[in-house]
Amino acid sequence: MGKVKKIFKYNLWGLMGWIGGREFNFERYLYLFHRITGVILVFFLLIHIVATSSRLNYDTWYLFKKIIGNPIFDFGMLIIMIALIFHGLNGIRLIIHEYGFLLGKPERPVFPYRRVLKSRLPITIVIIMVIIGLILASITIYEFLTVWGVIK
Amino acid sequence: MRESYIRLIQYFLGIIIFIFIGFHLSLFTQLLGPGYTSALEYHEVTARMRSLSYDLIYIILLFSLLTHGFIGLRNILYEIFTSSRSRLFIKTILLIIYLGFMIYGIIPIISSGEGDLITFLYGG
């Protein structure tokens, strides 16, 4: 077995395969960030479950609020929110692509040949997702700026 | 279970999460809800705890997020560890953690407030 074949079969690169490998294009960046944000969000979820369980008791809840009530945690929350927005919108984009919503109806290859893949649509979807993401991120940033007292 | 089914579940839960998390987070914006600071006040939290509809939303969210997250984590770990022995170990460990957090997360939801699920299901 060739060296390259062996690397891909047994995934010898491990985590490095995320950033290495062939055809490193825009979608690979999205894939990389989707994975990184996914891992961050899973760990946040576990902490969130433990933290919100303190709501059964008034004193524990205020102790929890006291711990998280500082700008470092707020900033961390902002990062988590942006990661969540990215992960969600990119996930929707992946679903749209995988279910072939961007494919046209199959046609016979008769002259003049037409492309079945509506090639401009994937980019349109990315642009739409970016716009929605920017709107959601703006709302989030506005909320945090209000919390920090930057905006009254 | 076949990998294709797992992927289908992953996508389906992703859409569910997208909808429900939008609702969950709308509470923390002043545009649609009480805002980040007010939503974390104890009386607001307890008011949500007493609402049956919130209980249901939180249960759906908890199940969807944990399942979606752990399938994703499993996929990543499966890519890194390829031997069948290590995959069995990963599967077992993740399942234990998943079930542990599911139980830990569901107890405060079903046992909180006057209009909680236990009261709704069993009366009294």
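Each chain gets a letter, A, B and so on, in the order its sequence line appears, and its residues count up from 1. What you see is a predicted model, and the numbers here were worked out from it, not measured in a lab.
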**Report entry** Path from A/Leu94 to A/Ile36 over hydrophobic side-chain contacts below 4.5 Å
**Finding:** no
Requested in this report: To the nearest 0.5 Å, tell me how far B/Leu73 CG sits from A/Leu41 CG.
Outcome: 11.5 Å
Report task. Establish whether B/Leu66 and B/Ile9 are linked, either directly or via other cluster members, by ILVMFWY side-chain heavy-atom contacts under 4.5 Å. Result -> yes
**Report entry** Atom CZ of B/Arg87: over 12 foreign heavy atoms under 6.0 Å
**Finding:** yes
Report task. Could you check which of B/Leu62, B/Ile21, B/Leu65, B/Ile76 has the highest count of heavy-atom pairs closer than 4.5 Å to chain A? Result -> B/Ile76
Requested in this report: Counting only heavy atoms closer than 4.5 Å, note whether A/Leu84 contacts chain B via side chain, backbone, both or neither.
Outcome: side chain
Query raised in the report: When only pairs under 4.5 Å are counted, which of A/Leu45, A/Leu46, A/Val42 shares the most heavy-atom pairs with chain B?
Result: A/Leu46
Query raised in the report: Where is the tightest heavy-atom contact between B/Tyr104 and A/Ser53, given as atom of each residue plus distance?
Result: CE2-OG, 3.5 Å
Query raised in the report: Say you draw a straight line from NE2 of A/His87 to CD1 of B/Ile17; how long is it, rounded to the nearest 0.5 Å?
Result: 8.0 Å
Query raised in the report: Are A/Ile47 and A/Phe75 connected, step by step, through hydrophobic side chains (Ile, Leu, Val, Met, Phe, Trp, Tyr) whose heavy atoms are closer than 4.5 Å?
Result: no
Requested in this report: Anything under 30° is parallel, anything over 60° is perpendicular, the rest tilted; go ahead and classify A/Trp61 against B/Tyr42.
Outcome: tilted
Report task. State plainly whether one hydrophobic cluster holds both B/Ile19 and A/Ile128, where clusters connect Ile, Leu, Val, Met, Phe, Trp and Tyr through side-chain heavy atoms under 4.5 angstrom apart. Result -> yes
**Report entry** Proximity breakdown for A/Ile92 and chain B, heavy-atom pairs closer than 4.5 Å
**Finding:** side chain
Query raised in the report: Does some side-chain heavy atom of B/Leu25 sit less than 4.5 Å from a side-chain heavy atom of A/Met81?
Result: yes
Report task. Heavy atoms only, distances under 4.5 angstrom: which of B/Gln10, B/His68, B/Glu41 has the most pairs with chain A? Name it, please. Result -> B/Glu41
Query raised in the report: Take atom OH in A/Tyr31; do more than 12 heavy atoms of anything else shown fall under 6.0 Å from it?
Result: yes
**Report entry** Whether over 12 other heavy atoms sit under 6.0 Å from A/Phe33 CZ
**Finding:** no
